[in-house]
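Just follow the structure's listing: the first ligand is 1, and inside any ligand the first atom is 1. Computed over heavy atoms, backbone and side chain alike; hydrogens, waters and symmetry mates excluded.
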Amino acid sequence: MNADTRSLWCPADPAPDDGRLPADTTCDVCVVGSGMAGLTTAYLLAKEGKRVVVLDAKPHAVTGETERTTAQLTWHADDTFGDLASIRGDDNARQAATDHRAAVDAIERIADAEGIDCDFHRVPAYLVPGADGPKVLDDEDGALKRLGIPYTRTTMAYPGTPPLDALRFDGHARFHPIKYLRGLAAAVRKLGGVVHVETVVEKVRGGDACTVTTTHGLTVTAKAVVVAANNPFEGGTTLHTKVGAYTTYVVTLEVPKGSYEDAIVWDTEDPYQYVRFQPGGPGDPFDVAVVGGADHKTGQAADQADRWRDLEAWTRQRYPDAGAVRHHWSGQVFETADGLALIGPAPWNGPNVYVVTGDSGMGMTHGTIAGQLLPDLIAGRPSAAAALYSPSRVMPGALKTLLAENANLAAQYTDWLTRGDVKSADDIPPGQGAIVRRGLTKLAVSKSAAGEVTTLSAVCPHMGCLVRWNPGEASWDCPCHGSRFDAKGTCLHGPAVSNLAEAE
Ligand SMILES: Cc1cc2nc3c(=O)[nH]c(=O)nc-3n(C[C@H](O)[C@H](O)[C@H](O)COP(=O)(O)OP(=O)(O)OC[C@H]3O[C@@H](n4cnc5c(N)ncnc54)[C@H](O)[C@@H]3O)c2cc1C
Ligand code: FES
């Protein structure tokens with residue numbers, strides 16, 4: 001990833017860790033992944049007295065998608081409660097609202113209990129119409145009324161513009177995700193757990209004694225395993241037909257301190273735009289407006305600069321006194337057909353292995369729900385949430401969405417039949433990359449700013465799609481299931497667990 005696309009949260013102080021896994025070990029529960037989902041789960045298991053081993057592939061903990069979030073703690077469904085109810089029914093939609101509200105409460109409670117100063121602050125949220133007109137807002141108004149989910153029909157005005165019809169939701173919040181998870185990592189270690197980094201897991205096998213095997217050949221033996229890898233490395237077609245990888249964009253702009261209502265606002269367009277505010281630190285004369293949107297299927301767009309520019313223009317139109325752009329970055333969200341995460345037993349791994357994935361843009365609350373639900377499932381306690389988030393759930397109401405996602409996936413393999421983007425490395429400008437055809441195969445060729453050429457196989461080591469160059473992040477992105485690699489081929493994001501191969 002580019003140094004200049006680091007997020008607002010990129011930590012000066014990384015979360016505490018225990019270095020690389022040094023030897024085979026045993027524990028009660030092994031958690032793969034040290035993001036919001038993994039560390040919340042590890043913390044709540046450790047609170048129950050379980051000995052927990054957390055493993056993460058990256059050099060530091062909490063440097064996955066959680067480092068690239070915008071950290072809105074929202075309980076309103078990402079794809080509207082009307083849509084959720086039409087796919088899963090009214091009772092399930094109500095249950096999801098309850099679970100997400102409880103997740104925001106749990107984050108506040110945990111931060112208080114552990115004394116974590118993470119800028120947690122309750123804010124109202126407004127849903128407003130976008131260029132698509134009032135229909136979505138009116139439909140959602142009707143659905144919320146029918147479901148009995150609390151909201152207010154009101155108005156909301158961007159500064160200097162006429163008021164817009166709006167739905168207001170109280171009890172949302174914002175926080176600083178890295179401060180929170182740094183605190184959780186410290187708490188896990190204080191409770192006897194360990195957090196190992198630079199440890200890539202390639203295989204998990206369930207059973208009475210589960211085994212977790214790393215690419216260094218070490219093994220963790222555990223009574224249960226939680227795969228909280230954001231986009232799991234196993235699960236194959238069963239999993240990947242249920243979860244789609246999307247890239248989403250963020251810009252932050254300086255705004256005069258305290259000049260706007262401290263709220264979350266998002267519109268009804270698809271994809272939607274949203275804004276929330278983050279106070280500047282001590283001595284900073286500005287707050288920042290954190291603005292996101294412009295989503296697309298991962299690896300299926302190359303106009304990153306335009307997307308960041310569009311978000312900036314969107315902000316300036318609505319907040320005319322917005323100043324300089326401070327950050328721009330992108331990251332991935334994993335969408336399910338009903339907008340709810342998959343949390344529960346991982347059938348593809350065998351007994352006593354659990355998974356959390358499919359954040360659907362609500363990974364802060366879904367990660368917290370996983371942290372509450374998985375210890376119940378591991379301990380064999382009944383849970384009202386188990387069926388709602390079950391990775392094995394069947395959703396006849398979502399057939400159209402599932403078919404469209406899978407047709408899109410199949411279409412990506414036709415890249416094997418096309419020409420390269422350019423004829424040779426000579427045609428690639430410094431700082432860029434492109435696909436070059438060589439005989440029957442394709443090469444991922446990039447050129448550094450200094451002109452050094454790197455030539456790799458373009459074949460994604462996960463399931464054989466061809467990667468594509470992402471000029472905004474200087475990465476190779478796989479359009480099939482969301483694996484990403486840096487210009488040198490190092491794996492940045494799964495499901496792949498290995499790097500792009502050297503070109504033969
Ligand atoms: C731009 C953007 C804005 C967002 N805004 C919001 C928001 O406002 N509110 C919200 O609720 N959600 C939001 N999300 C979603 C949310 O940030 C994510 O869903 C959440 O951070 C994911 O947490 P996680 O723990 O599942 O994954 P991650 O934070 O990615 O953690 C997974 C970890 O697993 C590790 N891992 C992966 N594979 C392996 C392996 N094989 N072996 C060992 N370790 C492995 C990775 O290194 C990583 O550290 C946003 C996401 C993005 C990108
Ligand atoms: S991520 Fe599955 S083939 Fe690349």
Exercise: identify the closest heavy-atom pair between Val104 and Ala173: CG1-CB, 3.9 Å
His493 and Phe233 aromatic centres sub-6.0 Å: no
Is there any protein N/O under 3.5 Å from an N/O of ligand 1, and what does the full list of such pairs look like?
| unit_1 | atom_1 | unit_2 | atom_2 | d |
| --- | --- | --- | --- | --- |
| ligand 1 | 5 (N) | Thr69 | OG1 | 3.3 |
| ligand 1 | 5 (N) | Thr70 | N | 3.2 |
| ligand 1 | 5 (N) | Thr70 | OG1 | 2.8 |
| ligand 1 | 8 (O) | Thr70 | OG1 | 2.9 |
| ligand 1 | 8 (O) | Ala71 | N | 3.4 |
| ligand 1 | 8 (O) | Gln72 | N | 2.9 |
| ligand 1 | 8 (O) | Gln72 | NE2 | 3.1 |
| ligand 1 | 9 (N) | Gln72 | O | 2.9 |
| ligand 1 | 11 (O) | Gly363 | N | 3.2 |
| ligand 1 | 11 (O) | Met364 | N | 2.8 |
| ligand 1 | 12 (N) | Gly361 | O | 3.1 |
| ligand 1 | 12 (N) | Gly363 | N | 3.1 |
| ligand 1 | 14 (N) | Thr69 | OG1 | 3.4 |
| ligand 1 | 17 (O) | Thr69 | OG1 | 3.0 |
| ligand 1 | 19 (O) | Asp359 | OD1 | 3.3 |
| ligand 1 | 19 (O) | Asp359 | OD2 | 3.3 |
| ligand 1 | 21 (O) | Thr66 | N | 3.3 |
| ligand 1 | 21 (O) | Thr66 | OG1 | 2.8 |
| ligand 1 | 23 (O) | Thr66 | OG1 | 3.1 |
| ligand 1 | 25 (O) | Met36 | N | 3.1 |
| ligand 1 | 25 (O) | Ala37 | N | 3.0 |
| ligand 1 | 26 (O) | Asn230 | ND2 | 3.3 |
| ligand 1 | 27 (O) | Asn230 | ND2 | 3.3 |
| ligand 1 | 29 (O) | Glu65 | N | 3.4 |
| ligand 1 | 29 (O) | Thr66 | N | 2.9 |
| ligand 1 | 29 (O) | Thr66 | OG1 | 2.5 |
| ligand 1 | 30 (O) | Glu65 | N | 2.8 |
| ligand 1 | 41 (N) | Val201 | O | 2.9 |
| ligand 1 | 42 (N) | Val201 | N | 2.9 |
| ligand 1 | 44 (N) | Ala57 | N | 3.0 |
| ligand 1 | 47 (O) | Asp56 | OD1 | 2.7 |
| ligand 1 | 49 (O) | Asp56 | OD1 | 3.2 |
| ligand 1 | 49 (O) | Asp56 | OD2 | 2.6 |

Donor-acceptor under 3.5 Å (Arg276 side chain, Thr70 main chain): yes
Aromatic ring proximity Tyr246/Phe334, centre distance under 6.0 Å: no
Of Asp78, Asp267, Asp295, the residue whose pairing with Tyr272 passes side-chain hydrogen bond (donor to acceptor under 3.5 Å, both in side chains): Asp78
Protein N, O or S within less than 2.8 Å of atom 4 (Fe) of ligand 2, waters excluded: Cys460 SG, Cys478 SG
Asn499 versus Cys491, closest heavy-atom pair with distance: OD1-N, 2.8 Å
Check against side-chain hydrogen bond (donor to acceptor under 3.5 Å, both in side chains), Thr298 and Thr247: CA-CA 5 Å; Thr298 292; Thr247 297; 2.8 Å; yes
Contact check, side chains of Thr213 and Val201, non-hydrogen atoms, under 4.5 Å: no
Check: Asn231 side chain, His481 main-chain N or O, donor-acceptor pair, under 3.5 Å: yes
